[in-house]
Structures are given as C-alpha cells and as structure tokens.
Amino acid sequence: MPELPDVEVFRRYLVSTSLRKKIRDVTVRHNKVLGNVSARKLHDALLGRSFVATKRHGKHLFVRFEKGAWLAMHFGMTGYLRYFTDQDPEPKYDRVVFAFAGRGQLGYYSLRLLGRLDLVADPEREIARLGLGPDALDPALDLATFRARLGGGRAIIKAALMKQQAIAGMGNIYSDEILFQARIHPATRVGDLGEAQIKTLFRVMQRVLRKAIECEAEPARLPKSWILPRRSTREPCPRCGTALARLRQGARSAYFCPRCQPAS
DNA sequence: TTCCATGTTCCGCA
DNA sequence: TTGCGGAACATGGA
C-alpha cells in the first residue's frame with residue numbers, strides 16, 4: 001500500500017530491523033525491478049557493507065550504506081519490505097533479498113514488479129531528476145507554497161493532489177481520504193476552490209497523513225470515521241450513511257460521499 | 001470468466 | 001501549454 005504513510009512505515013521498519021548489519025549477500029531474483037543498476041553492480045556495491053541511514057521523500061525511500069552511495073527504493077502498487085530470519089524456501093515475490101551476517105534477511109517484495117531499486121549518489125539529485133515537489137509532510141511546506149503548487153485553475157483537484165511533481169506523497173487512496181475529510185468533491189477544479197477550502201485541504205492533508213503513519217498505515221487501525229477502509233466494501237459513508245459513490249478518472253477510481261462532498 | 005487493484009510513464013488528443 | 005483518457009506493465013483476488 002505504498003503511498004507516503006506506507007513508505008514512512010517501511011522506512012521505520014527498515015531502521016528497526018536492518019540498520020548496521022553487515023550485508024553478506026544480495027540476491028536479485030528478478031531483474032525487472034532494477035533501474036539502471038545491474039544485479040552484479042548492486043551486489044558488489046553492498047557486499048560487506050551496512051545500511052546506515054535512511055531518508056524518505058514522498059513515496060521514495062533512500063537508504064545510505066557505508067562508504068558508498070544510496071539505495072533508492074520505490075514500491076509501485078504492490079511493494080513492501082519484509083524481514084525474516086528463517087530459511088524461507090520459496091520467497092516467491094521477494095524480488096531482491098539482502099542477507100545479513102547471521103540469519104536475518106530483508107526482502108524487497110514486489111508482486112506486480114512495478115517498483116524499482118536503484119543506486120544513486122545523492123538523494124537530492126535524484127529527487128530533482130524526478131522533478132518531485134516538496135514532501136507532503138515537509139515541515140517547511142507552508143500554505144502559500146501548497147496553494148501555488150496545486151497549480152492553475154483548470155486541473156482537477158484529485159489529480160492535482162496525486163501529482164508527484166506538485167506535492168510528493170499522495171496517491172489514489174489518501175487523496176480520496178483527504179478530499180472526504182475536507183468535504184470536497186474529487187472532480188472539483190482547483191480554480192473553483194475558495195481560499196478557505198484550500199486552507200482546509202492543507203490542514204487535512206497533514207492531519208490525515210500523520211494519523212495514518214501513527215496507525216502504521218493499517219486500514220483496520222485507522223479511525224472509524226475514515227472512508228479509506230470502506231472503499232470496495234460497500235459500506236456507507238461513516239458520517240451520514242449515504243452509499244459511497246465511485247467516479248472513474250482514467251484507470252483510477254475515486255471513492256467519495258455524494259452527500260458530504262457535493263459537486264460544486 | 002470478468003473486473004478491479006495503493007504507481008508511473010508514454011502516447012494521442014482537445 | 002496544460003491536462004486528461006487510455007494503455008501498458010504483471011499478477012492475484014473477488
């Protein structure tokens with residue numbers, strides 16, 4: 001479930017399981033998840049070293065290793081990290097496995113192969129290369145910048161929130177939650193939003209993302225008042241009981257409450 | 001069997 | 001120029 005909260009949870013997970021452990025082997029089980037780096041280069045760069053620091057920007061996770069560069073991780077739609085100590089006989093979707101001295105191993109799981117691993121010299125340069133906007137939870141991100149980055153009036157707010165080059169970190173799921181809590185219809189044009197609505201969106205965005213991290217991005221642990229766990233369960237709006245509606249935007253579906261989020 | 005799925009990127013079109 | 005729809009990627013679940 002890799003949007004900003006999920007990736008932050010992965011980052012903390014990596015810190016608690018895999019930092020400062022000597023890497024004794026790197027196994028690439030599917031080349032598709034490698035970006036520019038080859039399996040051999042990745043192996044050689046990490047062998048005998050340890051992960052020592054992490055940084056997250058939007059949905060991207062960077063892991064610095066000793067005397068080297070950074071491992072850049074992106075998770076696509078179905079990626080996550082899992083640490084295991086047993087001898088897993090068939091780690092079917094752990095596309096890359098980092099084995100540490102001793103028994104621990106960190107698996108980069110990616111069922112649909114939509115994620116990417118790469119080596120980069122400097123996260124800031126990589127963030128610039130990708131043209132990513134500021135991280136949605138960057139303490140330096142203020143209301144004026146948020147408003148400016150949402151862009152001109154013609155864009156649709158749901159798409160604008162998900163645009164990584166504007167603000168990095170929100171995807172289909174969390175943009176739905178944020179719009180629901182801000183009571184804004186997902187198809188509203190940015191230009192049709194009032195100043196008060198922009199301000200609400202900004203505050204709700206920070207509140208939702210922070211709360212999700214606090215709940216470790218587990219749907220079952222999120223507040224009952226959220227719609228996130230209700231997408232595709234046919235449950236009604238937790239606020240007013242109205243049946244949730246689905247709006248298709250391209251290949252994506254926006255779930256919303258037609259009563260709490262009326263079209264403007 | 002058919003539809004849907006948390007992301008990104010690319011193409012065509014308005 | 002901006003932004004959207006749709007496809008593609010690869011696989012599983014309902």
Side-chain angles (χ1 to χ4, degrees), chain A residues 1-11 29-36 56-61 72-82 90-96 108-118 126-127 129-133 135-136 148-180 186-193 205 208-209 212-213 215-222 226-235 244-256:
Chain A
M1 303 141 240
E3 296 183 31
L4 187 154
D6 312 276
V7 178
E8 176 61 20
V9 171
F10 299 164
R11 187 191 71 75
R29 309 186 71 253
H30 203 308
N31 281 307
K32 183 88 200 290
V33 299
L34 297 182
N36 294 314
R56 182 192 55 73
H57 187 104
K59 303 171 187 174
H60 294 260
L61 175 59
M73 306 178 131
H74 190 274
F75 298 91
M77 279 209 288
T78 55
Y80 59 88
L81 298 173
R82 67 183 194 116
E90 196 84 35
K92 202 172 172 189
Y93 302 113
D94 294 287
R95 310 302 190 172
V96 179
Y108 170 85
Y109 178 106
S110 182
L111 186 150
R112 285 171 64 185
L113 302 173
L114 298 175
R116 290 295 176 269
L117 284 188
D118 222 330
E126 180 65 3
I127 290 162
R129 187 184 71 78
L130 294 164
L132 300 179
D135 183 81
R149 298 207 67 100
L150 284 183
R154 296 219 312 276
I156 286 168
I157 186 59
K158 164 102 170 146
L161 289 176
M162 289 195 288
K163 187 172 176 180
Q164 303 303 298
Q165 289 70 32
I167 308 278
M170 286 169 282
N172 202 32
I173 297 276
Y174 283 96
S175 59
D176 273 0
E177 187 64 48
I178 291 161
L179 288 167
F180 170 70
T188 310
R189 303 238 171 228
V190 175
D192 292 337
L193 293 173
M205 173 186 80
V208 164
L209 297 176
I213 292 168
C215 298
E216 295 183 304
E218 284 180 37
R221 293 182 54 187
L222 295 173
W226 287 26
I227 62 164
L228 193 158
R230 301 186 173 222
R231 66 191 292 124
S232 75
T233 63
R234 289 183 183 173
E235 282 179 279
L244 295 180
R246 191 177 76 166
L247 182 67
R248 305 215 57 163
Q249 287 177 337
R252 290 270 140 350
S253 292
Y255 287 86
F256 67 104

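Every chain is numbered from 1, with letters handed out A, B, ... down the list of sequences. Computed from a predicted model, the values in this text were never measured in an experiment.
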**Q** How long is the line joining CD of A:E177 and P of B:dT6, in whole Å?
**A** 14 Å
**Q** Nearest heavy-atom pair of A:A212 and A:W226: which atoms, and what distance?
**A** N-CH2, 4.0 Å
**Q** Which distance, rounded to the nearest 0.5 Å, do you find between the OG of A:S110 and the CZ of A:R29?
**A** 12.5 Å
**Q** Only counting residues at least two apart or in another chain, list the ones meeting ring-ring contact (aromatic ring centres under 6.0 Å, His included) with A:H57.
**A** none
**Q** With a 3.5 Å distance limit and no angle check, can you tell me whether A:D176 reaches the backbone of A:A254 through a side-chain donor-acceptor pair?
**A** no
**Q** I need the A:L179 CG to A:K158 NZ distance, nearest 0.5 Å.
**A** 7.0 Å
**Q** Can you tell me the distance, in whole Å, between the OH atom of A:Y174 and the P atom of B:dA5?
**A** 17 Å
**Q** Taking the basic N atoms (NZ, or NE/NH1/NH2) and the acidic carboxylate oxygens, is any pair closer than 4.0 Å for A:K59 and A:E3?
**A** no
**Q** With sugar-phosphate meaning primed atoms plus P, OP1 and OP2, does A:Y109 contact a base, only sugar-phosphate, or nothing at under 4.0 Å between heavy atoms?
**A** nothing
**Q** Using a 3.5 Å cut-off on both pairing distances, which stems of three or more Watson-Crick or G-U pairs include DNA chain C?
**A** B:2-5 with C:11-14, B:7-14 with C:2-9
**Q** Which of these nucleotides, B:dT6, C:dC9, B:dC4, is closest to any side-chain atom of A:R246?
**A** B:dC4
**Q** Using whole Å, what does the distance between atom C1' of nucleotide B:dT6 and atom CD of A:E8 come to?
**A** 17 Å
**Q** Would you find a donor on one side and an acceptor on the other, under 3.5 Å apart, between the side chain of A:E177 and the backbone of A:L228?
**A** yes
**Q** Would one find a side-chain N or O of A:R231 under 4.0 angstrom from OP1 or OP2 of B:dT6?
**A** yes
**Q** Could you state the atom-to-atom distance from CG of A:D192 to P of C:dG3 in whole Å?
**A** 14 Å
**Q** Within less than 4.0 Å of OP1 or OP2 of B:dA5, is there a side-chain N or O belonging to A:S253?
**A** yes
**Q** Roughly, in whole Å, what's the span from OH in A:Y255 to C1' in B:dA5?
**A** 9 Å
**Q** Would A:H60 and A:I127 count as a side-chain contact (heavy atoms from CB on, under 4.5 Å) here? Give the steps.
**A** CA-CA 9 Å; A:H60 294 260; A:I127 290 162; over 6 Å; no
**Q** Which nucleotide in the list C:dT11, C:dC9, C:dG3 gets nearest to the side chain of A:K32?
**A** C:dC9
**Q** For nucleotides 4-7 of chain C, list the nitrogen or oxygen atoms of the protein found under 3.5 Å from its nitrogen or oxygen atoms, one pair per line.
**A**
| from | atom 1 | to | atom 2 | distance (Å) |
| --- | --- | --- | --- | --- |
| C:dC4 | OP1 | A:I156 | N | 2.8 |

**Q** C:dG6 and B:dC3: how far apart are their P atoms, nearest whole angstrom?
**A** 15 Å
**Q** Dump the intermediate steps for side-chain contact (heavy atoms from CB on, under 4.5 Å) on A:T188 and A:I156, then the final yes or no.
**A** CA-CA 6 Å; A:T188 310; A:I156 286 168; over 6 Å; no
**Q** Could you encode protein contacts along nucleotides 8-14 of chain B as a string, one character per nucleotide from 5' to 3', using B for base contact, S for sugar-phosphate-only contact and - for no contact, with a heavy-atom cut-off of under 4.0 Å?
**A** S------
**Q** In whole angstrom, what separates A:R116's CZ from C:dC9's P?
**A** 12 Å
**Q** Can you list the residues that meet the ring-ring contact (aromatic ring centres under 6.0 Å, His included) rule with A:F75, with sequence neighbours excluded?
**A** A:F10, A:Y108
**Q** Would you kindly give the NZ-to-P distance between A:K163 and C:dT1, to the nearest whole Å?
**A** 14 Å
**Q** Do side-chain atoms of A:Q164 reach the backbone of A:M170 as a donor and acceptor pair under 3.5 angstrom?
**A** yes
**Q** Can you measure A:M77 atom CE to B:dA5 atom P for me and round it to whole angstrom units?
**A** 9 Å
**Q** Which residues pass the ring-ring contact (aromatic ring centres under 6.0 Å, His included) test with A:Y109, sequence neighbours left out?
**A** A:Y80, A:Y93
